Number of protein chains: 2
Amino acid sequence: MTDRSRRSDALNNRARIVEAARAIVDSTATLRLNAVAKAAGVGQGTLYRHFPTREALLIELYHSDVELLVTAAHDLLARYDADTALSKWFDLVAEYARIKRGVLAALQPTDAHTLTAGGAGSIGDAVTLMLSAGKAEGSIRDDIDARDVLLLLGFLSRLEGSDAVEGVTRGLSVLLDGLRTRS
Amino acid sequence: MTDRSRRSDALNNRARIVEAARAIVDSTATLRLNAVAKAAGVGQGTLYRHFPTREALLIELYHSDVELLVTAAHDLLARYDADTALSKWFDLVAEYARIKRGVLAALQPTDAHTLTAGGAGSIGDAVTLMLSAGKAEGSIRDDIDARDVLLLLGFLSRLEGSDAVEGVTRGLSVLLDGLRTRS
DNA sequence: ACCTGAACACCGTTCAAGT
DNA sequence: ACCTGAACACCGTTCAAGT
């Protein structure tokens, strides 16, 4: 009984932390852990109990978004040739870059290997699949791996200001072209 | 007289700070300002007098390297067509990525506009010149500016570990291809 | 078990006091 | 004028004390 109420307290705290963190990261684009704890109305220690690292919190924040990108990669690959799938997937990433800057930080290779998400596998696996399919059909150069792609995509998280929207489009366009085989 | 000795003190301090910072950044790849002051044997305030921002110190550290890259861009452009010049310039950047990781941080757009260096003009100007020439000869796509290129090059500063060398080559190859017009 | 928040460590930045 | 280094502010992290 007390046991159960304790658990609901903990669950409640965890939910409040995530909610507060999401609000902060969406509005300020920075994530100060103590500020998260304060906004969530919990002690700093509680934050650490639930999320031992900043990365763990980021993953939790964007888990569903990342998973969406992962499943989208699989879906696109099932419906289109690899080149088109990759192109459309980049469009999706661009969309996320526009609305949720924070997702991009979670995509970076350092974090990515931890991002084994829940269901569909990691984002690294998804990119690997698209690249493999592209290499097989001859549309994508065969000397590049998923880690390269995620690393190159990192420019998205350094975009800032009003030119961000066009910058996303231009940068992704360059990368997509660069990943293709020369005709 | 005292005036002059003061000046030599100040100059000496400045040189010691730069030397200490270079040693630290080369060995540890991190730059803690208080550590620099301590290693240089000066007070923190002295560090701030000479270099009001961390960026100012980085620029000083890599001034000659950046300037070399800038003049190299002009030289290459004078001797080759734009496409070749850009390609060879990327090779040069790759070489710097291999030996001096820190230069790359100084290339990032945020810092770049301050990097008006001494002589040849900023690195942004140099890239702009190469891009313009490439657009004129039709080898480089015309919707990309220097800021885009420098931003995309940022992946270099996030490379780490043993695969860095091949990662540099692969990433730059993708970017170069992506910047070219499709045949 | 879980939580709180004081306390510590660390690093950048400022400034009063020296020469 | 220039320098020193104590002091402050800030933020991440830990832990003794509570319930």
Side-chain angles (χ1 to χ4, degrees), chain A residues 1-62 102 105-106 108 110-111 114 157, chain B residues 1-62 102 105-106 108 110-111 114 157:
Chain A
M1 247 6 140
T2 57
D3 211 54
R4 186 176 273 200
S5 69
R6 280 303 178 195
R7 277 183 193 141
S8 69
D9 271 21
L11 282 177
N12 200 21
N13 276 338
R14 186 187 173 91
R16 289 228 307 274
I17 289 170
V18 171
E19 189 179 356
R22 207 186 306 266
I24 286 175
V25 101
D26 282 352
S27 64
T28 68
T30 89
L31 194 64
R32 286 176 310 198
L33 297 185
N34 285 357
V36 170
K38 188 171 186 181
V42 302
Q44 303 100 296
T46 303
L47 177 62
Y48 273 79
R49 167 174 286 270
H50 287 292
F51 302 103
T53 70
R54 152 185 258 102
E55 194 186 35
L57 182 53
L58 276 176
I59 289 173
E60 178 72 19
L61 274 186
Y62 295 112
Q108 277 311 91
T110 322
D111 311 345
T114 323
S157 60
Chain B
M1 247 8 140
T2 55
D3 211 52
R4 185 176 275 199
S5 69
R6 280 303 181 195
R7 276 187 196 136
S8 69
D9 272 21
L11 283 177
N12 200 20
N13 276 337
R14 187 186 172 90
R16 289 229 306 275
I17 289 170
V18 172
E19 188 180 355
R22 207 186 305 270
I24 286 174
V25 101
D26 282 353
S27 65
T28 69
T30 89
L31 194 66
R32 286 177 311 198
L33 297 185
N34 286 357
V36 171
K38 188 170 187 181
V42 302
Q44 303 100 296
T46 303
L47 178 61
Y48 273 78
R49 167 175 287 272
H50 288 292
F51 303 103
T53 70
R54 151 186 258 103
E55 195 185 35
L57 181 53
L58 276 175
I59 289 174
E60 179 72 20
L61 273 186
Y62 295 111
Q108 277 312 91
T110 322
D111 312 345
T114 323
S157 60

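In the text below, chain A, chain B and the rest are named by the order of the sequence lines, each starting its count at 1. All figures in this text were calculated on a predicted structure; none of them were measured in a lab.
- With hydrogens and angles disregarded, no donor-acceptor distance shorter than 3.5 Å links the side chain of Arg16(A) to the backbone of Val42(A).
- Scanning all heavy atoms of the two residues, the minimum distance from Gln44(B) to Ala37(B) falls at CA-CB, 4.1 Å.
- Following rounding to the nearest Å, Asp9(A) (CG) and dA1(C) (P) show an atom-to-atom distance of 15 Å.
- Taking the side chain as every heavy atom from C-beta outward, Asn34(A) and Lys38(A) never approach each other to under 4.5 Å.
- Proximity of Asn13(B) to the phosphate of dC2(D): no side-chain N or O atom is located under 4.0 Å from OP1 or OP2.
- Under the 4.5 Å side-chain criterion, counting only non-hydrogen atoms from C-beta, Phe51(B) is not in contact with Leu33(B).
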Point to revise | Contact pattern, 5' to 3', of nucleotides 6-14 of chain D - B, S or - by protein heavy atom under 4.0 Å | key: BB---SBBB
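- Counting only heavy atoms from C-beta outward, the side chains of Arg14(B) and Glu60(B) approach each other to under 4.5 Å.
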**Study point:** Pairing string, 5' to 3', for DNA chain C - Watson-Crick or wobble contacts under 3.5 Å, brackets [ ] where pairs cross, | to another strand
**Key:** ||.|||||...|||||.||
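- Remark: C1' of dC3(C) and NZ of Lys38(A) are 18 Å apart, rounded to the nearest angstrom.
- Applying the 4.0 Å criterion to OP1 and OP2 of dC2(D), one finds that His50(B) has every side-chain N and O outside that range.
- Separating the OG1 atom in Thr53(A) from the CD1 atom in Ile59(A) is a distance of 6.5 Å, to the nearest 0.5 Å.
- Whole-Å rounding puts the Leu47(A) CG to dG5(C) P distance at 14 Å.
- Within the 4.5 Å cutoff, the side chain of Val25(B) has no heavy atoms near those of the Val36(B) side chain.
- The two residues Ile17(A) and Ala40(A) have their closest heavy-atom pair at CA-CB, 3.8 Å.
- Remark: C1' of dC3(D) and CG of Leu11(B) are 14 Å apart, rounded to the nearest angstrom.
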